[in-house]
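One structure below.
Small disclaimer: the values here were computed from a predicted structure and weren't measured. For ligands, and for the atoms within them, numbers begin at 1 and follow the listed sequence.
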Amino acid sequence: MANKEIVDGMSMQRALTRITYEIIERNKGVSNLVLVGIKTRGVYLAQRIGERLQQLEDVAIPVLTLDIEAYRDDREPKDRRQPQIDLNLNGKRIVLVDDVLYTGRTIRAALDALMDNGRPSVVNLAVLVDRGHRELPIRADFVGKNIPTAISERIKVNVRELDGQDSVEIHS
Ligand SMILES: O=P(O)(O)OC[C@H]1O[C@H](OP(=O)(O)OP(=O)(O)O)[C@H](O)[C@@H]1O
Ligand SMILES: O=c1cc[nH]c(=O)[nH]1
């Protein structure tokens, strides 16, 4: 299997900075904003965006972690447990954050999990990489990089906190 770096750390950081500005613009500020990172790497990306938002707007934005495992569509609903969100999401402007958008099934599950925690006023989606091949009618509002892929390929996002460096690789 060949691995090729297609986005380096600097480009990844620039993409996250651009997404941060787009979030501020779309929401006309940061009031009621909550960032929700999808485990695992979406959490680190949400934290980065949260730090940039704080630098730019001088406001601490809540950054929550969402584990969608129990909401996957290959799980029985009876096996669901409440995700560990300790914030009522009623009326919040949510930005879901994930590293890769592919079939869209993770995001569908994340929406189910969110709605079990209240009624947000808006949910937007930010992803670092959109690799195409959607199986559901889901799109991202904020995209770091559009990377066309073959189904046989795999996109791997590295974050320095877990992987020692920031980068995006394509594995074929
Ligand atoms: O749009 P989808 O088809 O749902 O794919 C995207 C998801 O796949 C990856 O997670 P994965 O389940 O591969 O686990 P990982 O986070 O451990 O890489 C990635 O982190 C996204 O959450
Ligand atoms: O290429 C892919 C597909 C799903 N999830 C990933 O992280 N990468």
Side-chain angles (χ1 to χ4, degrees), residues 1-9 11-20 22-23 34-52 62-77 79-85 89 94-117 120 122-172:
M1 188 183 255
N3 301 349
K4 187 170 149 210
E5 182 177 295
I6 46 176
V7 178
D8 65 17
S11 304
M12 188 164 143
Q13 192 49 49
R14 280 190 208 108
L16 291 172
T17 298
R18 176 174 49 74
I19 287 174
T20 308
E22 288 174 358
I23 289 171
V34 176
L35 296 168
V36 177
I38 299 176
K39 269 179 106 173
T40 302
R41 286 169 178 75
V43 176
Y44 295 93
L45 301 179
Q47 285 167 354
R48 306 269 185 96
I49 292 170
E51 286 161 14
R52 287 298 275 141
V63 180
L64 308 179
T65 294
L66 193 60
D67 182 352
I68 58 94
E69 198 56 29
Y71 287 80
R72 289 166 52 112
D73 55 16
D74 50 4
R75 289 286 165 83
E76 289 294 325
D79 292 336
R80 282 182 182 176
R81 26 179 181 82
Q82 289 290 307
Q84 301 87 42
I85 286 190
L89 300 182
I94 307 288
V95 180
L96 267 177
V97 182
D98 205 356
D99 57 349
V100 178
L101 179 59
Y102 178 39
T103 64
R105 288 175 189 274
T106 298
I107 300 307
R108 188 218 56 78
L111 290 171
D112 260 12
L114 278 183
M115 300 306 166
D116 276 355
N117 285 271
V122 179
V123 181
N124 284 140
L125 173 62
V127 295
L128 182 63
V129 176
D130 181 348
R131 61 162 291 190
H133 304 291
R134 218 76 78 237
E135 294 175 0
L136 296 171
I138 282 172
R139 58 156 180 79
D141 301 281
F142 312 109
V143 179
K145 301 279 175 189
N146 282 292
I147 300 179
T149 57
I151 286 185
S152 58
E153 293 169 323
R154 186 170 170 85
I155 295 289
K156 170 80 198 305
V157 171
N158 294 311
V159 292
R160 60 174 179 267
E161 296 89 335
L162 288 182
D163 309 301
Q165 63 164 16
D166 289 339
S167 64
V168 180
E169 297 171 352
I170 187 161
H171 297 194
S172 53

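Contact atoms of ligand 1 toward V100: 6 (C), 7 (C), 21 (C) (distance under 4.0 Å to a heavy atom of the residue).
Residue-level proximity to ligand 1 for T103 is carried by backbone and side chain together, each with a heavy atom below 4.0 angstrom. Counting heavy atoms closer than 4.0 Å to ligand 2, residue K156 contributes nothing at all. At a 4.0 Å heavy-atom cut-off, ligand 2 touches V100 through the side chain alone. For D98, every heavy-atom contact with ligand 1 shorter than 4.0 Å involves the side chain, none the backbone. Contacts with ligand 1 closer than 4.0 Å are made by side-chain heavy atoms of R154 only, the backbone lying farther away.
The nearest heavy-atom contact from the protein to atom 8 (N) of ligand 2 is I155 O, 2.9 Å. Given atom 7 (C) of ligand 1, the protein heavy atom at minimum distance is T106 OG1, 3.4 Å. The protein heavy atom nearest to atom 19 (C) of ligand 1 is D99 OD1, 3.2 Å. Ranking protein heavy atoms by distance to atom 1 (O) of ligand 2, first place goes to R131 NH1, 2.6 Å.
With rounding to the nearest 0.5 angstrom, the CD1 atom of I49 is 4.5 Å from the CD1 atom of I23. To the nearest 0.5 Å, atom CZ of residue R160 and atom CD of residue Q165 are 11.5 Å apart.
Side-chain contact between N124 and E22 is absent, with no heavy-atom pair separated by less than 4.5 Å. The shortest side-chain heavy-atom distance between V7 and L128 does not fall under the 4.5 Å cut-off. Counting only heavy atoms from C-beta outward, the side chains of R41 and D163 approach each other to under 4.5 Å. With contacts defined as side-chain heavy-atom distances shorter than 4.5 Å, the pair K145/I6 does not qualify.
The heavy-atom pair separating D98 from L45 by the smallest distance is O-CD1, 4.0 Å.
Residue contacts with ligand 1 do not include R41, since none of its heavy atoms lies under 4.0 Å from the ligand.
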